[in-house]
Each structure stands twice: as structure tokens, then as C-alpha cells.
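Read the structure below first, then the notes.
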Amino acid sequence: MKVLKFGGTSVGSSKNINNVIKILEDYSKTDLVICVVSAVGGVTDKLLLAGKQAQNKEDNYTESFNTIKDIHLNIIRELNPSNNASILDFVEGKLNELKSLLDGIYLINELSPKTSDKLVSYGEILSSYIISETMKHRGLVAELKNSQELIVTNSNFSKAEVNYNITNRNIQEYFQSASQKITILPGFISKSVTGEQTTLGRGGSDFTAAILAAALKVEQLEIWTDVSGMFTTNPKLVKQAYPIDRISYQEAMELSHFGAKVLYPPTVQPVLDLNIPIHIKNTLEPESAGTIISNEETNSTNAVKGISNISNIALLTLQGSGMVGIPGFSKRLFETLSQEKINIILITQASSEHSICLGIDEAEAEKAKISIDKTFENEIALHKIDPIIVENGLSIIALVGDNMKNHQGISGKMFSTLGKNNINIRAIAQGASEKNISAVILEKDVKKALNTLHEQFFESKTKQLNVFITGVGNVGERLVEQIKQQRKYLKENLKINLRITGLSNSRTMIFNEEGIDLSTWKEQLAEGEKATLEGFFENTKALNLRNSIFVDVTANADVANLYANYLRESIGVVACNKIACSSDLENYKLLKRLSLKYNAPFLFETNVGAGLPIIDTLNNLIASGDKITSIHAVLSGSLNFVFNNFNDKTKFYDVVKQAAAEGYTEPDPRIDLSGVDVARKILILARESGVEMNLEDIQNTSFLSSSGLKSESVDDFYKTLISDESHYQNIYASAKAKDCQLKYVAQFNNGKASVGLEEIPQGHPFYNLKGKDNIVMFYTQRYPEQPMIIKGAGAGADVTASGLFADIIRIGND
Ligand code: ADP
Ligand code: ASP
Ligand code: MG
């Protein structure tokens, strides 16, 4: 004999009901089958809604009724197109009763818990009738038995408690004499000792099945639902969740108590003592293995079995100095809640006894506050304690596992993982048995918390990075293409799941929390919403994804001004934009502080030397205890290009124009030619070496003509290049006469920095620098005579993009 229960989705359409009938038919070939069914998916909610509307005198209760009616009539017509008259007769009769009941509620303007139970029972009455009759029509030996005639409870409406003596006897007697192969019973509904209709609590059809299984001591209880078992966490919120093969009763109970809706928590109790395994199966995929809940040892190595969550939690805090060391406060507090029939989901009390924190259902928070404040009104009046504090909009998340007690560091890992993702923890509870570690967090953080904890505890350490890129011009586009090309490699070799979740240029922006499809990103971006910098930040923040990284591929000061906002949300910042790091010292220090405080990396390798690993190397030298004594560098790809191509046969104007056309200069070439760009770079290196300095502190000897220096626009500037050609030719001639090369050099020496054009003699490491190459020589305590040298292309879209990419991977490897 087997007991099977089919949930709302499983009986939610004629197609699914056909699946159910097929499964029952197969089982009944070898076994007696007892089948419990829920109401058609969504119908219980709709009945309750119609009841509320009628009670509130809202005329649209009739519309809700009609929807319920249509759902059932359609299913009947689809299941039995040619032979449905008798079924329709009965169902229409029941629907008429239901309509009268709703009309009654509307008239008297009242919906008591007793009437509400009567109202919702129609859902299961109808579904069980339709299914059993359809089976009979198809020639199966099936009978319907109303569970209200078997399951007897007290009168605690909406969540009645079972009287097992009478119930077990009823069930055993009925099945002793029953001769049919398949018995269909409605789940969820029952009757009180005095004959009133009661229900077993939302989701209670599972419980009905467990009561039957235990009374009849069957070998297995099967719960058929719309997912392939009990998952490591809620599969609707975490894509990577997967079904657990085997799990203990205790673990299943903890998970379901803490929100794993797939199993109604009381279900385990009746079958636990009898050691009847519960098998969770998927009606839509009957071949999937599902989950077996039993007492058998599992060979899983993972101490954490699952992660669950309960939404709509309110936290009540009772606090005050008058509570310390005085017994009886908690007794009175709990008694008050018990009298009000308010269920406590979580309790914490600090050892100072100065406060007690309780998690309860948000819907009951107001009632709880009123009654507790009343209980303690004297103490509150005497200022011994404060009026109770209520916080809403919270959720509980819980790690569950029998074996967690044998493993150290699980709670540490849990809280540091949450902390790293800027998830604020409002309260914590961990029982001494350590089967469950719970944390109360903001509702808005639940999805992020579940995903990041799931990644930490279940996903062979794959780290998901969510990248938001602003500025997909030349460099940005290369970056997107490089990411597209390398995604598979990163996943397989570095266990980094790199996704682009936001993209923006100056016109439009797009977001996709599942990761933007990179094969069509350009088309999608062209169709995106209008871009604003604040809008981009607000969207990134609202998505609230774990390991979020904002990538700035602009040269825009307004974008740089938003870094602090991103960092405060624990969103990492990767920038090739130099403005922030070369801005006012206080701002640079603030960003560094925020990065540490909010655990959000702030990386800007490409600020100096594009993709060359200059800043990273410098950071490693410092971190390992070395000291920088001086830096000599050629850091401007554009100025190198200019002076490598300028001679007595070319014109200075033409060479600068060519550099601009090839993308080697900033949009405003004066930033390069005036030396400001190089000054910013040496400033950043000086700051990263530990010296506090501002741009004004850097000595900048310009080689530009005085009219070039004074020019007020880019066009004017270009004109001066033509008119002052002889000025530039003189510079060239002077260097040539000494057999020197012209290089724009940045120096940092004993805390002082300077930039300027220099005549470099033969034999010097800078002499042969070609094209747009950069070179940096670090003289340090460990490299006193022979400097450490980094050299290579220091400009260009591809290398800059790869430098940004390297920063992103650095965060991934963190
Ligand atoms: P039924 O109507 O079959 O009783 P429920 O909706 O009550 O189905 O329960 C199944 C749902 O439980 C799944 O669709 C899923 O969204 C949700 N769920 C939440 N947590 C879990 C979990 N850990 N494992 C499986 N399902 C879960
Ligand atoms: N139909 C009831 C509900 O929705 C019982 C169940 O589905 O288990 O709560
Ligand atoms: Mg359910």
C-alpha cells in the first residue's frame, strides 16, 4: 500500500491531471494506492480573496467566483470532452453552494475563521471529485473518500490540531473494508469533533497524506509536486539550486519550518516515529530521482544540507535597563504572545539581558505590539523598559544540516559571506544542537543572500561576478568582446562565472540580472532606455547582485564623482578613468577608505601604462615590505608617438594630428601635450607608493610654446602648432645636435615628483623606446642599483581593455 499526494500544480491543468492519472494507473497495477489531492493550483488563494472581497462589500467578489468557476469547468471539459454531464451537474451544484456562501458573507459583512474554513474546503472537494470521477469514466477502479469523514480535529480553525485516536481508528476501519484499488481523498480538509469543517493549515494536503500513511503504516509516502525534490535552496530564487538526494527527517523539518514550502512542516511528525520514508517527486518529470527523506545515514560530505528563507518577518525588541537580572520578564512576554496565539519564529537574547528580540509573522506585529505594551504598561510608565520596538520588512534565512555541529567555522563563513556582500544582519539565532543557523536580514537582500550563500556552500567554489560597464566606446567595446571570448575559459579554469549585467554608453543603457546575451549586445544597447549616470547607479544598486563591479571606461569627471556611491553599496569599482585617483588627495583617501570599509575593491591598473602591470607590481612591492626610493618613467604613449615621429622632415602639427586620429591622445590633445596626463600618472604612482601629494605639487616644465599654453580651445591650440613650428623644430635640433632622443619623462625622487621633456643620450634605457611604448623603472630598497623595469605598449584600446579585464579577474580571484 502506498500513499501519494499531488499538489496544486500537479492537478492544476487537464494536462497535469492526465499525468497524475497515468502515474496512479501504473502504481495500481502492483499496489493499493491512496491518493491525496490539493485544490487546483491557486484556487485556495482565490477562494480566500473572494471571501475577503465579499466581507469588504466589494462587488468584484463575483468576478473572483466566476474565475474559480471557469477554471473548474474548463478542466472538466478538457478531461472528458464527450462524457461530462454528470460531473458538470455535481460540480455546478457545489459551485452554486459556494456562490450562496459568498453571497451570505457579502450580506452580513463578516467572515469568521469558521466560515473561512468552510469556504476554502470547496477547493479540495471539487478537485478530488473531478479527478476521481474522470478516473471512473476511464474505467479505473477508483473511489472518492471525503477525508472530512476520517480526519477529526479540534476547533482551531484554519490550523486545526488532529485527534489521532479517533482519526487513526477511522482511517484503519475504512481501509479495512475498502475494496477499490485506488482511493482519492481531498487533502487539507477535516472536521472537528463537533462536526464543523476545519482545515489543517495552508499547504496542509501534505499533512493529510502523512496522517494516512502513518495510520496505515504504509511503506512509503510520496509527495508529488512541481519540482524534482527538496532543493538545496528555493529554486525560484536561486537558479543553481539542485535537488538533494537524501536528507534526514530532522533536516527536512528544519528546512520546511524555515520556508522550504515544498513540504508542509507538520508532515514529518506522523511518519517520523514509524520510520516511513517520504519521497518527494516531480509530477512534471516523473523520471527524476527526487528526494528521499528518512533516517538513513547519507554519504554526503556537505555539512550544510540546505538554505531556506521565510519572508514577511517582523522583529520585536523589548529592551530596557529594568530587565537586567530580574526574572519573569520573558515569561510574561511569551505568555502574552501565547494568549494572542502569536507564533514565535525566532528568539535571541544577549547575555547582558538588556534586550530580547523575537521574530514573528509581520501580519501579527501590530497585535503583538499592542498586547505587549499593555502587559508591560507599568514598567514602561516607570521607564524601566521602553515600549516594544517593531521593525518590518525583514526575512529569516537559515543554514540547515545535522552535521554542522561537527564542522568548525560554518557560522563564521556564513556571516563573512553576507558581510562581504553588504548584507546587514539584524539578529542571529543558533540553537545549541547546531542543526540550524538563522539570520534576520532585510527582505530586499534575500535573493542576494541565498545566491551568495549557495555559491559559498554548494557550488564547487564557482564565483559569479556581475559587471556593470559604463562607456562602451572604443576601449569598452574591446572589453565586452574580450569578456565574451573568455567567459568559458574563466569558468573552466578559474571558476569565475563572469557576466555583464549592465551596459551603458552616453545615450542608452541596458540591464539584465541573468547576464546580457553578448551575441547581440550592440542591438540590445541601441534599443535600451535613455542613459543617465544616476540612473545607471540606481539600477545597479536596485539589482543588488552579489559581487557587483562597476567598470568606468570613460574619461568623465561626473562618472568619477559617483565611485563613492558605488563603494558604499559594496559595489567594486574598476576604472581606466584617471580623474578620481588624481583628484584632490582627500577624495583619493576617501575612496580608499570606503573600499576598505565596505569590502569593495577599487582597482585602476589602467590609469598608468594601460595594460602593463605597473600599479599591481608597485602594490605587491609595498605589501611585501619594500620601499620605493625613486621612479623614472616614460608614461605617455601619445607623447612617445609624437616625438618618435617628429623630425626635421615632418611637421609638428601633422604628427600631433596623426596621433589624435589614431586614438593615442585624449580627446583634448592639450591634456597630453601639456604634460597634465603624465603628471596625473606619476601622481598616482607616488600616492600608491605611500606619499601624500596633490597635482599642484608636481613640477611641470612645459615644452609648449607660450601661445600654445595660452590657447583657449582645441582648435586654437592646433593653430598654434602650425604658427609655432619653428619653436618645435628648435627643440628637435637641440636634441639632434647632442645625438639625443626626446622623451617626456616623469620622475619621483625622495617624495618629490616632476614631469618634462628631456634629451636622452644613447645607452640610456629610454633611448630606444619605440612607438607608443611605456617604461617604468622602480628603484627600491630591494632593487637599489638595477631597477625593476616594466616596459611595453602603454596605449591602445586592446591593451587598455585587457588591463581592465585583469582588474576584474583580480576581484574574481580574491
Ligand atoms: P504543491 O502545490 O505541490 O504542494 P508547493 O508550491 O506547496 O507545491 O511547493 C513547491 C514549491 O516550493 C516549489 O515550486 C518551490 O518554488 C518552493 N520551494 C521553496 N523552497 C524549496 C526547496 N528548498 N526545495 C524545493 N522547492 C522549494
Ligand atoms: N490547497 C491548500 C493550500 O493551498 C492545501 C495544499 O495545497 O496543500 O494551502
Ligand atoms: Mg504544498
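Read the numbers this way: they start at 1 and go in the same order the structure lists the ligands and their atoms. Keep in mind that what you see is a predicted model, and the values were worked out from it rather than measured.
- Contacts classified as side chain to side chain donor-acceptor pair (under 3.5 Å) and involving residues 66-75 (residues at least two apart or in different chains) are not found.
- Residues lining ligand 2 at a heavy-atom distance below 4.0 Å are given as S38, A39, T44, E124, F188, R202, G203, G204, S205, ordered by chain and residue number.
- Other residues, nucleotides and ligands contribute only 12 or fewer heavy atoms inside 6.0 Å of the NZ atom of K15.
- Pocket lining of ligand 1, defined as residues with a non-hydrogen atom under 4.0 Å away: K5, G7, G8, T225, D226, V227, G229, M230, F231, T233, N234, P235, K236, A260, K261, V262.
- Under 3.5 Å, the side chains of Q464 and E455 contain no donor-acceptor pair of N or O atoms.
- Of the N and O atoms on the side chains of E443 and S311, at least one donor lies less than 3.5 Å from an acceptor on the other residue.
- The side-chain tip of K145 points at the ring of Y174 from less than 6.0 angstrom away and within 45° of straight on.
- Every residue meeting the ring pair (Phe, Tyr, Trp, His ring centres under 6.0 Å) condition with F458, not counting sequence neighbours, appears here in chain and number order: H454.
- Between the side chains of D445 and N544, a donor-acceptor pair is found at a separation under 3.5 Å.
- For the side chain to side chain contact (heavy atoms under 4.5 Å, CB included) test with N16, the passing option among T9, V11, I21 is T9; the others fail.
- Side-chain contact of N56 with Y61: a donor-acceptor pair under 3.5 Å is absent, judged by distance alone.
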